[in-house]
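Okay, so here's the structure we're looking at.
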Amino acid sequence: MLAEFGPKEVINFAQGLGQEVFTGSTGRVFPTRMKASPLLRAWLARLETLGVTLLRRHRWVGPLVAGETHSFETPSGEVQIQAKVLILAMGGASWARLGSDGAWSKHFTQAGVVQSEFVAANVGMQVAWSKHMVPYFGKPLKNIKLSAAGAQSRGEFVISQSGIEGGAVYALGRMLRKNALAKLDFAPQINAADLHKMIASRKPKDSLTNFLRKSVKLDATKRALVFELTQPMPRDINGLVAAIKNAPLPLMGPCPMDQAISTAGGVMWDALTPELMLKSHPGIFCAGEMVDWEAPTGGYLITACLATGRWAGRAAADYLSATARL
Ligand SMILES: Cc1cc2nc3c(=O)[nH]c(=O)nc-3n(C[C@H](O)[C@H](O)[C@H](O)COP(=O)(O)OP(=O)(O)OC[C@H]3O[C@@H](n4cnc5c(N)ncnc54)[C@H](O)[C@@H]3O)c2cc1C
């Protein structure tokens, strides 16, 4: 699906709607105007010219049945809509205030559609900070390396009241969910052997704080975290190298699901045909985050949602033409 509609096609799609994009220093692509609403407005306008009817504030309320009548809750009561095909893209189960509450899942369960449980993805991890970390809440840690279960991510994260959040954390989401301990390298640009030599040649009068600041170039937030994570601070060189390059970061699980940028879990691939149609409910297709896949934030989620939506849409049109010929 991504091979047919990947990053290049997403860029063309945005540009086709009059939205210029630029590539940032991380290689990620952003709309030049740095917001999504102009693209959405242009897209809705295009859909209207194509004869699409948008029925807003219509909530699909199940049951999930292999028929042509589908029930929706609207401000003026429940309505039934006849449709030969139905494509559902009701999202995952985070940020419920935007409507994606995962409530559809119970109708799928009742209809016997196999799903894997929703879990928070792209979410902060909880850490039990000591009171010494309070002044650093909201402060970023740049240029760090985080490791868990043999996987690593380089980048940055922010210290929050409840733990850590940000790109480097989200990128390791799956591993961090399953591991109570991550390891943190505060100075990935210096290898352990060089750091060892630097510590060995440290002047006796130079305090550890000064050494971390001047020689290792750790800012105040990083220094606070070095002392937070390794207590008592070792006096031997190997112990100090470990405190800087391999500090233990105990995790207490992900932050609540509703704070997650996305959720893993949902309709399992086994329940779907390669066309994204429910095997048990011919004519009903699923796309986007409600299907059981996950990706780090940074455009990967949106791209996969667009790719699966397009795939399901085309397959639904083909299905409709094929059934019309019968
Ligand atoms: C704060 C935040 C920041 C993000 N940043 C990024 C980013 O930088 N890059 C990236 O790639 N992704 C990002 N994402 C993730 C991305 O937005 C989602 O993965 C994507 O929007 C999912 O698309 P979707 O169409 O599958 O579901 P959604 O966008 O969740 O849409 C589902 C829609 O279905 C509606 N709905 C739910 N139930 C029903 C029902 N029963 N009947 C009718 N309608 C229903 C919901 O109201 C909603 O409008 C971010 C998400 C959040 C919350």
Side-chain angles (χ1 to χ4, degrees), residues 1-2 5-7 9-11 13-14 21 23-24 26-31 34-37 39-40 43-44 54-65 70-75 78-81 83 86-111 113 115 118-124 155 158 165-167 169-171 173 254-267 272 276 284-313:
M1 293 172 213
L2 286 165
F5 199 83
E9 288 75 19
V10 176
I11 291 172
F13 166 71
V21 296
T23 305
T26 56
R28 295 194 171 113
V29 176
F30 300 89
M34 289 308 276
K35 47 186 180 176
S37 46
L39 185 142
L40 177 62
W43 192 8
L44 290 175
L54 292 171
L55 300 172
R56 293 182 170 85
R57 301 176 74 191
H58 277 55
R59 201 159 180 82
W60 179 80
V61 286
L64 182 67
V65 285
H70 307 288
S71 302
F72 292 81
E73 206 174 73
T74 75
E78 197 166 311
V79 297
Q80 313 277 312
I81 294 179
L86 180 67
I87 305 164
L88 295 169
M90 294 181 288
S94 61
W95 283 64
R97 65 184 173 281
L98 298 181
S100 313
D101 56 8
W104 53 265
S105 168
K106 65 174 182 290
H107 301 298
F108 277 56
T109 305
Q110 279 159 11
V113 175
Q115 298 155 79
F118 289 124
V119 282
N122 291 296
V123 69
V158 172
E165 54 189 75
V169 178
Y170 303 156
C255 291
M257 189 148 69
D258 203 39
Q259 294 170 18
I261 282 177
S262 66
T263 47
V267 179
L272 298 165
L276 297 182
I284 301 186
F285 295 77
C286 299
E289 211 183 297
M290 64 184 288
V291 180
D292 182 22
W293 55 271
E294 66 175 304
T297 183
Y300 303 99
L301 290 154
I302 289 284
T303 303
C305 287
L306 290 170
T308 54
R310 176 180 175 275
W311 188 269

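The figures that follow rest on heavy atoms only: side chains count, while hydrogens, waters and symmetry mates do not. Counting starts at 1 for both ligands and their atoms, in listed order. Everything quoted here is computed from the prediction, not taken from an experiment.
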Using heavy-atom distances, let me know which of Glu73, Arg59, Arg56, Glu289 sits nearest atom 38 (N) of ligand 1. Arg59

To the nearest 0.1 Å, how far is atom 30 (O) of ligand 1 from its closest protein heavy atom, and which atom is that? Ser100 OG, 2.5 Å

Does any N or O in the side chain of Trp293 come within less than 3.5 Å of the main-chain N or O of Ala264, such that one atom is a donor and the other an acceptor? no

Say whether Leu98 and ligand 1 are in contact under the criterion: heavy-atom distance to a ligand atom below 4.0 Å. yes

Closest non-hydrogen protein atom to atom 11 (O) of ligand 1, residue and atom name please, with distance? Ile302 N, 2.8 Å

Yes or no, since that's all I need: does a protein heavy atom fall within a distance strictly under 4.0 Å of atom 26 (O) of ligand 1? yes

Under a 3.5 Å distance rule, please check whether Glu289 uses its side chain to pair with a backbone N or O of Thr263 as donor and acceptor. yes

Out of all atoms in ligand 1, which are within 4.0 Å of some heavy atom of His58? Include the element for each. 43 (C)

Is Gly92 in polar range of ligand 1, meaning some N or O pair under 3.5 Å apart? no

Audit row: Leu55, Val79, side chain to side chain contact (heavy atoms under 4.5 Å, CB included) steps and yes/no: CA-CA 11 Å; Leu55 300 172; Val79 297; over 6 Å; no

Please check if atom OH in Tyr300 has more than 12 non-hydrogen atoms from other residues, nucleotides or ligands closer than 6.0 Å. no

Proximal atoms of ligand 1 relative to Gly91 (non-hydrogen, under 4.0 Å): 26 (O), 27 (O), 30 (O), 32 (C)

Between Trp60 and ligand 1, does any nitrogen or oxygen pair lie at a separation below 3.5 Å? yes

Closest protein heavy atom to atom 2 (C) of ligand 1, given as residue, atom name and distance to 0.1 Å: Ile261 CG1, 4.0 Å

Using atom types as modelled and distance alone, determine if a side-chain donor or acceptor of Asp292 lies under 3.5 Å from a backbone N or O of Val267. no

Among Thr297, Leu306, Asn122, closest by any non-hydrogen atom to atom 5 (N) of ligand 1: Thr297

For Leu2, is there any backbone N or O sitting under 3.5 Å from a side-chain donor or acceptor partner on Trp311? no

Which residue holds the protein heavy atom closest to atom 40 (C) of ligand 1, what is that atom called, and what is the gap in Å? Met90 SD, 3.4 Å

Determine whether the side chain, the backbone, both or neither of Tyr300 has a heavy atom under 4.0 Å from any heavy atom of ligand 1. backbone

Does His107 reach the main-chain N or O of Ser105 with its side chain, forming a donor-acceptor pair under 3.5 Å? no

Can you name the closest pair of heavy atoms from Ala260 and Ala121 and give their distance? CB-O, 3.4 Å

Give the atoms of ligand 1, by number and element, whose distance to some non-hydrogen atom of Gly99 is under 4.0 Å. 36 (N), 37 (C), 38 (N), 46 (C), 47 (O)

Quick one, Leu64 with Gln110, criterion side chain to side chain contact (heavy atoms under 4.5 Å, CB included). Give me CA distance, side-chain angles, the key distance, then yes/no. CA-CA 8 Å; Leu64 182 67; Gln110 279 159 11; over 6 Å; no

If we number the atoms of ligand 1 from 1 as shown, the ones under 4.0 Å from a heavy atom of Gly288 are 26 (O)

Evaluate whether atom CH2 of Trp43 has more than 12 neighbouring non-hydrogen atoms of other residues, nucleotides or ligands under 6.0 angstrom away. no

Near Gly299, which atoms of ligand 1 are under 4.0 Å from a heavy atom of that residue? 9 (N), 10 (C), 11 (O)

Among all the protein's non-hydrogen atoms, which is closest to atom 23 (O) of ligand 1, and how far away is it? Cys305 SG, 3.3 Å

Below 3.5 Å, N or O to N or O, backbone or side chain included: is there any such pair between Trp95 and ligand 1? no

List the steps, then state whether side chain to side chain contact (heavy atoms under 4.5 Å, CB included) holds for Leu88 with Trp104. CA-CA 10 Å; Leu88 295 169; Trp104 53 265; over 6 Å; no

Suppose I only count heavy atoms of Ala89 and a 4.0 Å limit; which atoms of ligand 1 are within that range? 32 (C), 33 (C), 34 (O)

For His58, does its backbone N or O pair with a side-chain atom of Thr74 as donor and acceptor, under 3.5 Å? no

